[in-house]
Amino acid sequence: MAKDKIAKSKSEWWAFSREEFNKWNLNAHPEDRMSFPDWIGEIGTCYGWRPFLDRYGDWDIERV
(Lines give C-alpha, C1' and ligand atoms only; values in the text may rest on other atoms or scores of the structure.)
Protein backbone atom coordinates (compact mmCIF):
# COMPACT_ATOMS: atom_id res chain seq x y z
CA MET A 1 0.00 0.00 0.00
CA ALA A 2 1.42 3.36 -0.96
CA LYS A 3 1.84 5.35 2.25
CA ASP A 4 1.97 8.69 0.42
CA LYS A 5 -1.18 8.05 -1.64
CA ILE A 6 -4.16 10.08 -0.34
CA ALA A 7 -7.70 9.51 -1.59
CA LYS A 8 -9.55 12.71 -2.48
CA SER A 9 -13.00 11.20 -1.93
CA LYS A 10 -14.75 8.18 -0.47
CA SER A 11 -15.20 6.67 -3.92
CA GLU A 12 -11.49 7.06 -4.66
CA TRP A 13 -10.64 5.45 -1.30
CA TRP A 14 -12.86 2.47 -2.09
CA ALA A 15 -11.27 2.15 -5.55
CA PHE A 16 -7.73 2.23 -4.09
CA SER A 17 -8.75 -0.31 -1.44
CA ARG A 18 -10.37 -2.71 -3.91
CA GLU A 19 -7.27 -2.56 -6.09
CA GLU A 20 -5.00 -3.33 -3.12
CA PHE A 21 -7.38 -6.07 -1.91
CA ASN A 22 -7.27 -7.75 -5.32
CA LYS A 23 -3.46 -7.67 -5.26
CA TRP A 24 -3.46 -9.19 -1.77
CA ASN A 25 -5.73 -12.09 -2.70
CA LEU A 26 -3.89 -12.69 -5.97
CA ASN A 27 -0.56 -13.08 -4.18
CA ALA A 28 -1.76 -14.71 -0.94
CA HIS A 29 -1.70 -18.42 -0.24
CA PRO A 30 -5.21 -19.83 -0.84
CA GLU A 31 -5.68 -20.41 2.90
CA ASP A 32 -4.71 -16.79 3.65
CA ARG A 33 -7.17 -15.13 1.26
CA MET A 34 -9.86 -12.96 2.82
CA SER A 35 -13.26 -11.52 2.03
CA PHE A 36 -13.30 -7.80 1.29
CA PRO A 37 -15.04 -6.86 4.59
CA ASP A 38 -12.50 -8.89 6.58
CA TRP A 39 -9.63 -7.28 4.70
CA ILE A 40 -11.00 -3.77 5.36
CA GLY A 41 -11.08 -4.62 9.07
CA GLU A 42 -7.41 -5.58 8.94
CA ILE A 43 -5.90 -2.65 7.02
CA GLY A 44 -6.65 0.18 9.45
CA THR A 45 -6.00 3.79 8.48
CA CYS A 46 -4.72 4.21 4.94
CA TYR A 47 -4.94 6.61 2.01
CA GLY A 48 -5.77 9.39 4.52
CA TRP A 49 -8.99 7.73 5.73
CA ARG A 50 -9.96 5.39 8.59
CA PRO A 51 -12.48 2.57 8.09
CA PHE A 52 -15.07 1.96 10.81
CA LEU A 53 -18.28 0.02 11.30
CA ASP A 54 -21.37 2.23 11.25
CA ARG A 55 -24.35 1.71 13.53
CA TYR A 56 -25.77 -0.85 11.10
CA GLY A 57 -22.57 -2.93 11.06
CA ASP A 58 -21.54 -1.81 7.56
CA TRP A 59 -18.10 -0.47 6.67
CA ASP A 60 -17.74 3.26 6.17
CA ILE A 61 -14.72 5.57 6.20
CA GLU A 62 -13.79 8.96 7.64
CA ARG A 63 -10.95 11.35 6.93
CA VAL A 64 -8.08 11.46 9.40
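Values in this document were obtained by computation on a predicted structure and should not be read as measured data.
The shortest side-chain heavy-atom distance between W49 and W14 does not fall under the 4.5 Å cut-off. Taking 4.5 Å as the limit, every side-chain heavy atom of E12 sits out of range of all side-chain heavy atoms of Y47. Taking the side chain as every heavy atom from C-beta outward, L53 and W59 approach each other to under 4.5 Å.
Distance alone, capped at 3.5 Å, places no donor-acceptor pair between the D58 side chain and the D54 backbone.
No more than 12 heavy atoms of other residues, nucleotides or ligands lie within 6.0 Å of CH2 in W24, so this atom counts as exposed by the packing criterion.
When all heavy atoms of G44 and P51 are compared, the closest pair comes out as O-CD, 3.3 Å. Here the shortest heavy-atom pairing between I43 and S17 reads CD1-OG, 4.4 Å. Taking every heavy atom of both residues into account, I61 and K10 meet most closely at O-CE, 3.4 Å. Between K8 and R63, the shortest heavy-atom distance links the atoms O-NH2, 3.0 Å.
To the nearest 0.5 Å, atom OG1 of residue T45 and atom CD of residue E62 are 8.5 Å apart. The NZ atom of K5 lies 7.5 Å from the CD atom of E20; values are rounded to the nearest 0.5 Å. D38 CG to R33 CZ: the interatomic distance, rounded to the nearest 0.5 Å, is 15.0 Å.
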Take F16 and C46, measure what side chain to side chain contact (heavy atoms under 4.5 Å, CB included) needs, and give me the verdict at the end. CA-CA 10 Å; F16 289 164; C46 63; over 6 Å; no

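Following chains of ILVMFWY side-chain contacts shorter than 4.5 Å, one can reach W13 starting from F36, so the two form part of one hydrophobic cluster.
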